[in-house]
Visitor: 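Quick one: this structure, given as structure tokens, is what I'll be asking you about.
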Amino acid sequence: MSEEIVVIEGDGIGREVVPAAVSVLEAVGDFEFVEAEAGDAVKEETGEALPQETYDTVADADATLFGAAGETAADVILPLRTAVGSFVNVRPARAYPGVDAVRPETDLVFLRENTEGVYAGHEDRLSDDLSTLTRVVTTSASERLAEYACEYVEEQGNDGFQVVHKANVMRETDGRFRDAVVDVAEGAGVETEEVLMDAFATRVCLDPTQFDVVVCPNLAGDVLSDLAAGLVGGLGLLPSANVGPDNALFEPVHGTAPDIAGEGVANPSAAILSAAMLLDHLGYADEAENVRTAVESVLEDGPRTADLGGDADTEAVTAAVLDRLD
Ligand code: ATP
Ligand code: MG
């Protein structure tokens, strides 16, 4: 093993949870870490939230581990997703034994379209009274997401997937998304169930076990995965992967958490679980499982950070995870 992993701590608790995740990667493998900068802090120094050097380093790397960016988040993460050519944001949301959850039976994964929708749209101010937003949906990006979803469910025994949309209202854009996704799935012999996005919000709260793999347009995936974070006990637990054809960037779903940044009390679980997804991506399935099992064990028995009702700090939780690695 000597893959190059780019490490971007970013701002806020990114500076605390990313080093925790790197120490776990160091414990299970022999990687070359390349530090790069992005976010508010580097903007203050250099005027640029995402230096070209960082963009190029990420584009050339095997994988990147990213923390969070503050005010400059949109200027950093959107271009970085482009740097890795990421067309899907993989966001698993599952509850863990020992962690208080609204819905402890939750175990699902969102496959969120990562390049278009309203986030790729153009906003215009047309008058003092009127602003508009153009939403972008292509058949090609929708099909690429669906192909990934088909491969994803096939690896797990092919129980099909759900497609979230609102094509009854946004007939042109979500209609195109829905048709493209369902066509690809049909061609691949994968079953799909269509779920309207508002109905999904209610149904996932009432009974998350109805859902397993959920394919979403960009904005719906962003909002609904945060909702699922609420069902499983908070943002400190959710990892994510921005996957491209031969590169990927991994980041906790949470942001910079300015309310607790600098105190050393952030929950490192989401960042460490993001590192486990990175290990899987690089082909180290055993190492990934080792890390996940250690995190699960610490979540179950403690020590726990304050967001999970404990009083341990980031360092103590990280040390416990390192201690429980095989
Ligand atoms: P940003 O503007 O960077 O997105 P935010 O204010 O939206 O920041 P988040 O980071 O999304 O903050 O966090 C929302 C809430 O969840 C905050 O109260 C924060 O303290 C809490 N939180 C998020 N991540 C963690 C974590 N890893 N450990 C503990 N608490 C967390
Ligand atoms: Mg936020």
Side-chain angles (χ1 to χ4, degrees), residues 7-24 37-44 49-50 65-81 89 91-96 98-102 110 112 119 218-219 221-242 249-277 291-292 294-296 298-299 302-321:
V7 176
I8 305 175
E9 295 179 359
D11 305 310
I13 62 168
R15 299 193 166 278
E16 299 159 43
V17 297
V18 169
V22 168
S23 69
V24 171
E37 289 196 281
D40 296 359
V42 68
K43 185 174 180 179
E44 242 166 65
L50 182 63
L65 184 64
F66 175 73
E71 299 287 314
T72 55
D75 304 325
V76 172
I77 194 64
L78 298 182
L80 282 183
R81 285 174 182 157
N89 189 214
R91 295 188 162 194
R94 55 166 294 207
Y96 293 91
V99 176
D100 243 350
V102 177
F110 292 92
R112 167 188 168 193
Y119 292 164
N218 202 342
L219 174 63
D222 192 12
V223 175
L224 296 173
S225 60
D226 262 38
L227 184 150
L231 296 179
V232 303
L235 281 168
L237 296 171
L238 265 70
S240 79
N242 298 282
L249 178 144
F250 302 81
E251 54 171 332
V253 167
H254 64 71
T256 58
D259 52 333
I260 57 166
E263 291 172 25
V265 298
N267 186 348
S269 302
I272 296 172
L273 291 168
S274 300
M277 292 180 85
V291 170
R292 263 191 289 269
V295 171
E296 280 162 27
V298 172
L299 288 172
R304 297 193 187 92
T305 42
D307 56 314
L308 301 181
D311 57 9
D313 60 14
T314 310
E315 212 176 292
V317 172
T318 308
V321 172

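Just so you know, ligand 1 is whichever comes first in the structure, and atom 1 is the first atom listed for that ligand.
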Visitor: Distance under 4.0 Å to a non-hydrogen atom of Gly236: what atoms of ligand 1 satisfy this?
Guide: 26 (C), 27 (N)
Visitor: Any sub-3.5 Å donor-acceptor pair from Thr72's side-chain atoms to Asp40's backbone N or O?
Guide: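 A pair under 3.5 Å: yes.
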Visitor: For Ala41, is there any backbone N or O sitting under 3.5 Å from a side-chain donor or acceptor partner on Asp11?
Guide: yes
Visitor: Taking only heavy atoms of Ala266, which atoms of ligand 1 are found under 4.0 Å from at least one of them?
Guide: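 What qualifies from ligand 1 is 28 (N).
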Visitor: Given 3.5 Å as the limit, does a donor-acceptor pair link the side chain of Thr305 with the main chain of Ala266, or not?
Guide: no
Visitor: What atoms of ligand 1 come closer than 4.0 angstrom to any heavy atom of Ile260?
Guide: 20 (O), 29 (C), 30 (N)
Visitor: Minimum distance, heavy atoms only, to atom 6 (O) of ligand 1: which one of Ser269, Pro258, Ala229 is it?
Guide: Pro258
Visitor: When you compare ligand 1 with Val17, is there at least one nitrogen or oxygen pair between them that comes in under 3.5 angstrom?
Guide: no
Visitor: Have a look at ligand 1 and work out which part of Pro268, if any, has a heavy atom under 4.0 Å from it: side chain, backbone, both or neither.
Guide: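 Answer for Pro268: neither.
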Visitor: Between the side chain of Glu16 and the main-chain N/O of Gly264, is any donor-acceptor distance below 3.5 Å?
Guide: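 Checked: pair present.
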Visitor: Give a yes or no on whether the backbone of Gly10 and the side-chain of Arg15 come within a donor-acceptor separation of less than 3.5 Å.
Guide: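 Answer holds: yes.
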Visitor: Heavy-atom contacts under 4.0 Å between Asn267 and ligand 1: side chain, backbone, both, or neither?
Guide: both
Visitor: Below 4.5 Å, heavy atoms only, C-beta onward: do Val295 and Val24 meet side chain to side chain?
Guide: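 Counting from C-beta outward, Val295 and Val24 never come under 4.5 Å.
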Visitor: With a heavy-atom distance limit of 4.0 Å, tell me whether Asp259 approaches ligand 1 through its side chain, its backbone, both, or neither.
Guide: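 It is the side chain that touches ligand 1; the backbone stays farther off.
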Visitor: For Arg304, check side chain to side chain donor-acceptor pair (under 3.5 Å) against everything at least two apart and list the hits.
Guide: none
Visitor: Any heavy atom of Ala68 sitting closer than 4.0 Å to ligand 1?
Guide: no
Visitor: Calculate, to the nearest 0.5 Å, the distance between atoms NE2 and CG belonging to His254 and Asp307 respectively.
Guide: 9.0 Å
Visitor: Non-hydrogen atoms of Thr305 versus ligand 1: any pair closer than 4.0 Å?
Guide: no
Visitor: Backbone or side chain, does any N or O of Ile13 fall under 3.5 Å from an N or O of ligand 1?
Guide: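 Not met; the criterion fails.
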Visitor: Please state whether Ala270 comes within less than 4.0 angstrom of ligand 1, counting heavy atoms only.
Guide: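 Per 4.0 Å heavy-atom rule, Ala270 does not contact ligand 1.
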